[in-house]
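Read the structure below first, then the notes.
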Amino acid sequence: MGRKAKYDEVVVPAGPGRKSKKQSDPTFPKGLIVKDASSLSHRQKQRAKKRQLKSKAQKAKSNEPKKKKMKESVIQAAKKDDNETESEESEEVASGDEHEVPEVQMPLANAEDSDASNSDAESEDSDAKDDETEDEDEEEESNLLPIEKANKKLKKKQEKERKLAAEEMQESITHQDIFTFPTAEELANPVSLQDVQQRIRDVIIVLSDFKRLRDKDRARKEYIDLLRTDLCIYFSYNDFLMEKLMQIFPMNELLEYLEASEVQRPMTIRTNSLKTRRRDLAQALINRGVNLDPIGKWTKVGLVVYSSQVPMGATPEYLAGHYILQGASSFLPVIALDPKENERVLDMCSAPGGKSSHIAALMKNTGVLFSNDVNRDRIKAVIGNFHRLGIVNSVICSYDGRKIPSIIKGFDRVLLDAPCTGTGVVAKDPGVKINKDELDVQRCCTLQRELLLAAIDSVNARSDTGGIIVYSTCSILPEENEWIVDYALKKRDVKLVPTGLDFGEEGFTNYRHHRFHPTLKLTRRFYPHTHNMDGFFVAKLKKFSNMVVKQEIVEDDDATSE
Ligand SMILES: C[S@@+](CC[C@H](N)C(=O)[O-])C[C@H]1O[C@@H](n2cnc3c(N)ncnc32)[C@H](O)[C@@H]1O
């Protein structure tokens with residue numbers, strides 16, 4: 001089996017063997033070789049003395065904070081004595097300090113060396129002029145600890161980077177300064193979108209410090225015109241709408257608005273409280289793989305859908321009428337209307353019925369809800385939605401809203417979610433960016449004015465519970481919002497009241513050369529870039545008498561006597 005040992009045989013190795021190989025004489029870094037004091041020059045002796053003194057002083061200093069730290073850790077540990085887990089914690093603190101101490105000590109352990117190198121460096125600074133030799137530089141370098149060498153390298157690198165950043169900054173400032181207004185020829189030639197974007201940035205910078213950065217031969221208007229043209233190219237708007245937006249928003253906010261309007265708003269749904277509770281609906285949808293959350297504190301029925309493994313318009317819950325797909329902004333006018341049980345409410349322009357069904361839910365299917373829309377095709381969608389959602393308190397009708405007061409009036413509340421240019425929903429309908437013009441706005445304004453007066457005339461000022469009119473649009477143009485409400489304030493005995501919405505921006509009281517009634521600040525504006533919802537406007541009016549006001553109140557139109 002195995003080899004047999006031959007203890008009697010002595011094997012003599014042939015050569016010196018690997019281990020016995022003669023090693024060369026050890027070499028030491030220069031700094032480690034302690035020179036014989038007598039062989040040192042006078043100056044070197046002086047420096048060595050200085051070094052010693054300094055290192056002693058620094059050693060004493062560096063020991064001080066160490067002592068302090070130890071003291072602190074002891075105090076901390078003592079403080080924690082009352083606690084059950086304390087002994088462990090205080091140990092941790094102490095051990096934490098122990099960890100710290102070596103960190104401090106590491107250089108301290110070599111304090112003499114490092115101090116020596118430091119003091120060396122310092123003394124060499126002072127003696128540099130008469131005593132700078134290559135040897136000493138090498139000596140200094142070799143005296144440094146690896147960590148100090150690395151630190152030196154890092155500092156050099158940081159300094160280099162700092163210089164580079166400063167140069168870049170200077171370059172960009174210079175670049176801003178030298179923005180030259182393009183010539184007519186340059187403007188006529190097509191440029192890349194990237195160049196347009198850069199020019200937008202440059203012009204905005206010039207406009208922000210116009211006095212200093214402008215080209216003296218160019219007027220402000222020329223820069224603004226150039227900016228508008230570039231914004232139209234970059235964001236695909238027509239000139240008309242871009243000009244309107246530039247009148248509404250300050251320059252920086254305008255960019256935010258335009259950027260936000262390029263992105264679709266998150267999908268949101270409204271729980272139909274006539275059939276289910278939000279909690280139950282959320283659970284049912286989560287079980288189907290829907291990732292959702294409540295919209296916000298301002299609504300108890302809204303959910304935002306982040307992602308879904310099933311189409312949200314075809315789930316069993318949807319078909320059973322447990323929810324409706326509805327943009328977050330559409331909740332707002334209904335919250336402001338605040339309909340009560342057993343009231344008589346009119347939704348003057350209701351198709352396809354999103355807000356109307358919300359009203360019915362808040363009325364808990366009691367009282368009477370008149371859901372009207374002039375468009376007979378669109379009214380079919382209201383019928384379908386109401387069936388699915390189980391709404392049974394409504395009369396669905398199709399009249400021109402302007403004629404309604406001559407047919408029926410005396411409502412406790414009226415919602416006028418008016419037809420508009422849709423400038424707040426460009427993310428949903430990008431066509432709005434290019435197909436709206438002055439004439440469209442004018443047409444909308446005229447209709448909105450007439451509809452709002454009709455809505456006010458349909459309300460009973462003597463309603464026990466209401467006498468409320470809510471006016472809303474999905475447009476952000478003041479012509480369709482503050483302007484219309486301001487007109488109604490002059491024509492009827494109504495006053496603006498708070499919407500009850502605790503967010504949103506104040507409506508305008510000044511817009512270009514227009515001065516609206518100061519109470520217009522009670523109206524609310526909502527934007528995609530600030531509220532992450534479609535652009536929207538909401539105003540809430542309270543009717544004080546059934547008088548029809550024309551300059552002065554001239555006619556008593558008793559809304560209660562139908
Ligand atoms: C903004 S949409 C209403 C959306 C609806 N409130 C909802 O939440 O589903 C405006 C509606 O006004 C209707 N409309 C336009 N002119 C009208 C008029 N003169 N009388 C009544 N409705 C009108 C349109 O058919 C359109 O359905």
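Everything quoted here is computed from the prediction, not taken from an experiment. Remember, it's 1-based here, ligands and their atoms both numbered in the order they're listed.
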Quick check: does [X] get an N/O under 3.5 Å from an N/O on ligand 1?
{"X": "P419", "result": "no"}
{"X": "G401", "result": "yes"}
{"X": "K355", "result": "yes"}

Give me the residue, atom name and distance of the protein heavy atom closest to [atom].
{"atom": "atom 7 (C) of ligand 1", "result": "S350 O, 3.6 Å"}
{"atom": "atom 19 (N) of ligand 1", "result": "D400 OD1, 2.9 Å"}
{"atom": "atom 14 (N) of ligand 1", "result": "V374 CG1, 3.7 Å"}
{"atom": "atom 9 (O) of ligand 1", "result": "P352 CD, 3.0 Å"}
{"atom": "atom 5 (C) of ligand 1", "result": "A351 O, 3.2 Å"}

Q.
Counting only heavy atoms, tell me which of I324, D373, T473, D417 gets closest to atom 26 (C) of ligand 1.
A.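 Of the listed residues, D373 has the closest heavy atom.
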Q.
Tell me the nearest of C349, S398, A418 to atom 1 (C) of ligand 1, using heavy-atom distances.
A.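 The residue whose heavy atom sits nearest atom 1 (C) of ligand 1 is A418.
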Q: Work out whether the distance between some heavy atom of S330 and some atom of ligand 1 is less than 4.0 Å.
A: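 It does not; every heavy atom stays at 4.0 Å or beyond.
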Check whether [Y] forms a cation-pi arrangement with [X] (NZ or CZ under 6.0 Å from the six-membered ring centre, at most 45° off the ring normal).
{"X": "R214", "Y": "Y223", "result": "no"}
{"X": "R199", "Y": "F179", "result": "no"}
{"X": "K495", "Y": "F544", "result": "yes"}

Q | Steps toward salt bridge (charged side-chain N to carboxylate O under 4.0 Å, His left out) verdict (K355, D347) | A | CA-CA 8 Å; K355 298 179 192 80; D347 184 358; over 6 Å; no
(Q) Over 60° means perpendicular and under 30° means parallel, so tell me whether F503 and F526 are parallel, tilted or perpendicular. (A)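 Aromatic pair F503/F526 classed perpendicular.
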Q: Report the relative orientation of the aromatic rings in F516 and H514; use parallel for angles under 30°, tilted for 30 to 60°, perpendicular for over 60°.
A: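 The rings of F516 and H514 lie parallel, inter-plane angle below 30°.
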Short list, please: which atoms of ligand 1 are under 4.0 Å from a heavy atom of [X]?
{"X": "Y399", "result": "20 (N), 21 (C)"}
{"X": "G353", "result": "9 (O)"}
{"X": "N375", "result": "25 (O)"}

**Q.** Side-chain touch F235/I233, heavy atoms, less than 4.5 angstrom
**A.**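 Side-chain contact under 4.5 Å: no.
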Q) Do we see a donor-acceptor contact under 3.5 Å between the side chains of R270 and S357? A)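 Per modelled atom types, R270 and S357 side chains form a pair under 3.5 Å.
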Q. Would D457 and R492 pass as an ion pair if we require N to O under 4.0 Å?
A.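 Yes, this pair counts.
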